[in-house]
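Data first, discussion second: the structure below is written as structure tokens.
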Amino acid sequence: MSLSPDEVRHVAGLARLALTDEEVAELAPQLSSILDYAEQVGEVAAEDVPASTHPFPLANVLRPDEPRPSLSREDVLAGAPEVEQDRFAVPRIVAEEG
Amino acid sequence: MAADVTLTGLSASELAQRLRDREVSALEVAEAHLERIAAHDGVEAGGDEWVARDADALGERDVHAYLHVTAAAAREHAADVDRRRAAGEELAPLAGVPVAIKDVLTTRGVPTTCGSRMLEGWVPPYDATVTERLRAGDLVALGKTNMDEFAMGSSTENSAYGPTRNPWDLGRVPGGSSGGSAAAVAGRLAPLSIGTDTGGSIRQPAALTGIVGAKPTYGTVSRYGLVAFASSLDQAGPFARTVEDAARLHALIAGHDPRDSTSVRETAPDVLGPLREGVEGLRIGVVRELAGEGYEPGVERAFADVLERYERLGAEIVEVSLPHADYALAAYYLIAPSEASSNLARFDGVRYGLRVDAATAEEMNAATREAGFGPEVKRRIMIGTHALSSGYYDAYYLQASKVRTLIARDFAAAFEQADVLISPTSPSVSFRLGELVDDPLAMYLNDVATVPGSLAGIPALSLPAGTAPAPDDPDAALPVGLQVMAPLLRDELMYRAAWALEQDLGPLAAPTGPSALEVA
């Protein structure tokens, strides 16, 4: 299928990518040709075939719910771009009420 | 005194023997490799930590296999191995042998970038299980190797830190995404290295650089600390210059790990025991679909030569079919990007890596991701997001996952007729830097022979199988790889078949010619 520049912008919004107009113009034909190729999977008759997401049958893997040593708070926060009061700091998420 | 340069030409098994016999010290071995890295890799050597030069400051003869060289830590570990050996301590089989690690595996206290600006300067607070196992086996880590950003690519040109060059021809690519690890071993900048393979990222660079590279059965090597690209496919594995060395490294890193919920509980197969059993009576299946159109004539000639050799060695050659293999690449390029789009959502400018400031959290996320990811990563995130989005999920992701089931069934049926399957690893020999970089789909076709096995989770390796000319240079002699695939959890069979062929072929001559890296 071919993706229009507007569709590319829509997908970029879902993917949280602030693409430039140039990137949108470049990506539209590239993504279209990749999707055209990938659409071949639709030629395979597979209605009755179960989907597999993994090479082995997987069950949930549980461990005992017991406290164990883990990374220190200092270690975890060391790589963060911004830290405030021993927490990850982010810009405002909820708008202030007027 | 200058370090003994010939040490860098020895295999890991030869080095281990000399270390055990105390003919050479681990420190001398580390020093010889560090000297060679300083001379040929384009790093700022000197001091405790060596960092690769910026891409625009690299020379045309710099391999650029390493992003970061832990010189002081390597010397310290090597000296410690020597001390313990001198004290009579019983050491692991490969103790004191150097190793290089792909920069997608976490290393506590050592920067881990995944070849991305997104993680520039990030220092992980923990070791990957693979990193721990290497350390426990007393392999001396030399540093972290270059790769396509987040392991997405087939040439290492998608690294944010500049491409790695192929030691066979410094104007050509080493393959990817584990191109740094492959070039390090091919260029005698390490005897062993670790790569990761999602759709061929160990096997294809092994083929293009004339070395051995193996993807173990999915789930037999822990993914803990392997920065995820496509979780149902990612698998770490060994690079080496001989089949035996690869098997030894494989044996060291494989095994159940409770920290990885997809780690298989079965005991990992013993890949070393049956190594020398030969191929007499072994049924070797030639996959009909992995040949013909798109495969270079030189690659096909080398493959035909392999068949003659296996027949002469007493193997039974059978033709097998994987009827859905023609759809594997299409399924892979929906499944892997879908998983990637989900996995890479974690790079949001909050917990680690880059942040680009903006007024709101959402704008900060989008600006950070726009600045931190390169073009190929963005393409895959876009494909994956689209394939998983409302209205497209059934036609793309779900259908691809059904095709995946059919491909796994195809393999199961083929392995009824044959013990191992073989094909060329890559349809082409190494191509020139820049040749495919503007044509994503053409680049993806590099993976046509490797992705079927990835989707099925089976073990597969590539070993050198002669040389062939390049389409743009009829006089060139560039490495061709043979892919050997085995049933799930039968990794020992691929090593056995590979070892027998390696004995028959003899060692691949080292790279030669004016465009090759000089090797001692």
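Given the structure is predicted, the values throughout are model-derived calculations rather than measurements. Numbers restart at 1 for each chain; the letters A, B, ... are given by sequence-line order, proteins then strands. Atom set for the values below is all heavy atoms of this structure, side chains included, hydrogens, waters and symmetry mates excluded.
- Residue B:Leu445 touches chain A through its side chain alone, counting heavy-atom pairs closer than 4.5 Å.
- Pairing each heavy atom of B:Tyr327 with each of A:Glu43, the nearest pair is OH-OE1, 3.1 Å.
- Contacts of B:Val403 with chain A are made by side-chain atoms alone, with heavy-atom separations under 4.5 Å and no backbone atom involved.
- Of the two parts of B:Leu489, only the side chain, counted from C-beta on, holds a non-hydrogen atom closer than 4.5 Å to a non-hydrogen atom of chain A.
- To the nearest 0.5 Å, atom OH of residue B:Tyr444 and atom OG of residue A:Ser33 are 8.5 Å apart.
- Considering only heavy-atom pairs separated by less than 4.5 Å from chain A, the leading option among B:Ala330, B:Ala367, B:Gly349 is B:Ala330.
- Contacts of B:Tyr332 with chain A are absent, with no heavy-atom separation under 4.5 Å from either backbone or side chain.
- Within the 4.5 Å cutoff, no side-chain heavy atoms of B:Tyr397 are placed close to those of A:Val41.
- Although no hydrogens or angles enter the test, the distance criterion places a donor-acceptor pair under 3.5 Å between the side chain of B:Arg369 and the main chain of A:Arg16.
- Using modelled atom types, no side-chain atom of B:Thr385 and backbone atom of A:Ala15 make a donor-acceptor pair closer than 3.5 Å.
- By number of non-hydrogen pairs under 4.5 angstrom with chain A, the leading residue of B:Leu334, B:Leu344, B:Asp326, B:Leu398 is B:Leu334.
- Of the atoms belonging to B:Thr360, heavy atoms from both backbone and side chain fall under 4.5 Å from chain A.
- Interface remark: of the candidates A:Ile93, A:Leu14, A:Val8, A:Leu31, A:Leu31 forms the most heavy-atom pairs closer than 4.5 Å to chain B.
- You'll find the side chain of B:Val350 stays beyond 4.5 Å of the side chain of A:Pro81, heavy atoms only.
- In this structure, the portion of B:Ala358 lying under 4.5 Å from any heavy atom of chain A is its backbone and not its side chain.
- The two residues B:Ala456 and A:Pro55 come nearest to each other via the heavy atoms O-CB, 3.7 Å.
- Contact annotation for B:Met364: only side-chain heavy atoms (C-beta onward) come within less than 4.5 Å of a heavy atom of chain A.
- Heavy atoms of B:Phe411 lying under 4.5 Å from chain A are absent altogether.
- With contacts defined as side-chain heavy-atom distances shorter than 4.5 Å, the pair B:Glu370/A:Thr20 qualifies.
- Among B:Gly121, B:Ser232, B:Ala371, the residue making the largest number of heavy-atom pairs under 4.5 Å with chain A is B:Ser232.
- In this structure, CZ on A:Phe56 lies 10.0 Å from OG on B:Ser263, to the nearest 0.5 angstrom.
- You'll find the side chain of B:Ser389 stays beyond 4.5 Å of the side chain of A:Val11, heavy atoms only.
- Taking every heavy atom of both residues into account, A:Pro50 and B:Arg409 meet most closely at CD-NH2, 3.4 Å.
- B:His386 has its side chain within reach of A:Leu3: a pair of non-hydrogen atoms, C-beta onward, lies under 4.5 Å apart.
- With respect to chain A, the highest number of heavy-atom pairs below 4.5 Å among B:Thr262, B:Ile381, B:Thr368 belongs to B:Thr262.
- The backbone N or O of B:Lys378 sits nowhere less than 3.5 Å from a side-chain atom of A:Glu23 that would complete a donor-acceptor pair.
- Using a 4.5 Å cut-off between heavy atoms, A:Ala78 makes no contact with chain B at all.
- A distance of 7.0 Å separates CG of A:Leu17 from CZ of B:Phe373, quoted to the nearest 0.5 Å.
- Within the 4.5 angstrom heavy-atom criterion, only side-chain atoms of B:Thr217, from C-beta onward, approach chain A.
- For the pair B:Ser401 (side chain) and A:Thr53 (backbone), a donor-acceptor distance under 3.5 Å is absent.
- Ion pair B:Arg108/A:Asp75 flagged as a salt bridge, since at least one NZ, NE, NH1 or NH2 atom sits closer than 4.0 Å to an Asp/Glu carboxylate oxygen.
- Residue B:Ala331 touches chain A through both its backbone and its side chain, counting heavy-atom pairs closer than 4.5 Å.
- In this structure, CD1 in B:Ile335 is found 7.0 Å from OG in A:Ser52, a value given to the nearest 0.5 Å.
- Put simply, CG on A:Leu35 and CG on B:Leu441 are 10.5 Å apart, with the number rounded to the nearest 0.5 Å.
- The two atoms that bring B:Gln399 and A:Val44 nearest to each other are NE2-O, 2.9 Å, heavy atoms only.
- The two residues A:Pro91 and B:Ala359 have their closest heavy-atom pair at CB-O, 3.6 Å.
- Proximity to chain B is limited to the side chain of A:Leu71, based on heavy atoms less than 4.5 angstrom apart.
- Both the backbone and the side chain of A:Gln40 come within less than 4.5 Å of a heavy atom of chain B.
- The NE2 atom of A:His54 sits 9.0 Å away from atom OG of B:Ser231, with the distance rounded to the nearest 0.5 Å.
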